[in-house]
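Notes to accompany the following structure.
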Amino acid sequence: FSEVMVFLIYSGQVCEMPKPAFMKQTLEELGIGTYSNIAFIHPDTPIIKALSIFVERRVSALPVVDESGKVVDIYSKFDVINLAAEKTYNNLDISVTQALMHRSQYFEGVMKCNRLETLETIVDRIVKAEFRKPLQETSLKGPSPSLVSPVLSHLQVHRLVVVDENACIVGIVSLSDILQALVLTPAGLNRKENEAEAE
């Protein structure tokens with residue numbers, strides 16, 4: 001999904017395509033995101049519990065929330081791969097905090113937003129995050145880093161955690177939510193209307 005979004009936005013910028021009016025609307029106005037029954041974990045949650053939530057709730061990431069409800073990190077299915085890479089899959093009683101110590105050095109923190117931000121702002125934030133990811137090292141005989149496409153070298157952004165003014169979690173916005181809005185809104189639909197018609 002992230003590759004599709006980067007391509008669409010980057011192509012639009014190159015071609016200087018005008019942005020549709022709905023891009024100036026907020027996430028709240030467009031009904032983008034999930035704001036009820038959000039699955040999350042705490043820093044001291046055992047990995048075995050996190051894995052259980054992944055399966056039971058069928059989610060791909062779990063915001064890590066402290067005692068006050070503030071989002072301090074995120075644990076995704078991609079992080080689970082490190083369990084095998086670090087050969088710690090036989091010690092599932094370690095905490096999420098301990099497991100995340102083995103995370104890739106390129107992790108730049110949880111991408112957050114709030115419901116009053118516009119779709120344009122959110123999309124621009126995702127695209128900028130994708131393009132600023134560090135390039136992989138190239139050999140002297142390889143292509144110059146300046147010639148390597150940022151679309152090919154980025155680490156993917158898959159979701160944003162929606163927070164309030166106190167940085168407490170209130171929802172999740174996935175790339176699929178955003179792409180769905182980009183497709184349905186021009187047709188005069190939003191996600192809620194589309195779901196209602198499907199019932």
Side-chain angles (χ1 to χ4, degrees), residues 1-10 23 25-43 45 47 49-66 69-83 96-97 99-100 103-133 150-151 153-185 190-192 194-195:
F1 283 128
S2 58
E3 289 95 337
V4 175
M5 181 172 295
V6 170
F7 173 77
L8 290 175
I9 302 302
Y10 182 70
M23 293 290 287
Q25 291 183 277
T26 66
L27 297 182
E28 186 171 61
E29 292 170 334
L30 293 170
I32 299 175
T34 300
Y35 300 93
S36 62
N37 199 24
I38 303 299
F40 62 88
I41 53 180
H42 298 287
T45 298
I47 289 299
K49 176 62 176 178
L51 295 179
S52 176
I53 297 175
F54 277 134
V55 175
E56 294 175 1
R57 299 294 299 274
R58 297 182 179 182
V59 294
S60 60
L62 294 167
V64 182
V65 177
D66 67 14
K70 292 183 178 180
V71 179
V72 295
D73 213 322
I74 193 162
Y75 190 68
S76 73
K77 287 185 176 180
F78 292 98
D79 292 312
V80 176
I81 296 175
N82 286 323
L83 292 176
V96 169
T97 298
L100 289 178
R103 172 185 270 156
S104 167
Q105 60 179 320
Y106 296 129
F107 181 72
E108 297 184 352
V110 184
M111 182 164 287
K112 304 173 185 177
C113 66
N114 68 67
R115 299 181 70 174
L116 299 182
E117 290 186 279
T118 65
L119 180 56
E120 178 181 19
T121 298
I122 300 302
V123 170
D124 285 345
R125 183 175 304 156
I126 293 173
V127 172
K128 289 177 181 178
E130 296 286 336
F131 273 74
R132 72 169 178 260
K133 298 297 184 181
V151 177
S153 62
H154 73 279
L155 297 178
Q156 296 181 358
V157 174
H158 294 274
R159 68 200 63 77
L160 295 89
V161 179
V162 186
V163 297
D164 61 17
E165 62 276 8
N166 297 314
C168 294
I169 184 172
V170 296
I172 293 286
V173 172
S174 68
L175 283 193
S176 59
D177 291 332
I178 296 175
L179 287 174
Q180 186 176 41
L182 292 174
V183 172
L184 296 180
T185 305
N190 61 33
R191 189 180 68 168
K192 293 180 180 178
N194 191 53
E195 291 176 345

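- Shortest non-hydrogen contact noted between Val71 and Lys112 is O-NZ, 3.3 Å.
- Not one N or O on the side chain of Asn166 forms a donor-acceptor pair closer than 3.5 Å with the backbone of Cys168.
- Of all the heavy atoms in Val123 and Ile178, the pair that sits closest is CG2-CG2, 4.0 Å.
- Nearest heavy atoms, Asp177 versus Ile172: OD2-O, 4.0 Å.
- When all heavy atoms of Phe54 and Lys77 are compared, the closest pair comes out as CZ-N, 3.8 Å.
- Contact record, Arg125 with Met111: O-CE, 4.0 Å, taken as the closest heavy-atom pair.
- Remark: Phe40 engages His42, Pro63, Val65 in a side chain to side chain contact (heavy atoms under 4.5 Å, CB included) (not counting sequence neighbours).
- If you take CG on Leu100 and CD1 on Ile47, they are separated by 6.5 Å, rounding to the nearest 0.5 Å.
- Summarising the geometry of Val173 relative to Val162, their closest heavy-atom pair is CG2-CG2, 3.5 Å, with the distance given to 0.1 Å.
- In this structure, Asp124 contributes its side chain and Thr121 its backbone to no donor-acceptor pair below 3.5 Å.
- Summarising the geometry, atom CZ belonging to Arg115 is positioned 12.5 Å from atom CD1 belonging to Ile122; distances are rounded to the nearest 0.5 Å.
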Derivation and outcome, side chain to side chain donor-acceptor pair (under 3.5 Å), residues Ser60 and Arg159: CA-CA 10 Å; Ser60 60; Arg159 68 200 63 77; 3.3 Å; yes
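- At a threshold of 4.5 Å between non-hydrogen side-chain atoms, the residues Leu182 and Leu119 count as touching.
- Checked by atom type and distance alone, the side chain of Asn114 pairs as donor or acceptor with a backbone atom of Glu117 at under 3.5 Å.
- Interatomic distance, OG of Ser176 versus CG of Leu179, reported as 7.5 Å (0.5 Å rounding).
- Distance check: His158 NE2 to Leu175 CG gives 7.5 Å after rounding to the nearest 0.5 Å.
- The side chain to side chain contact (heavy atoms under 4.5 Å, CB included) search around Ile41 returns Thr45, Ala50, Ile53, Leu62, Val64, Tyr75, Val96, not counting sequence neighbours.
- Between the OG1 atom in Thr118 and the CG atom in Leu27 there is a gap of 8.0 Å [rounded to 0.5 Å].
- Interatomic distance, OG1 of Thr26 versus CD of Glu120, reported as 13.0 Å (0.5 Å rounding).
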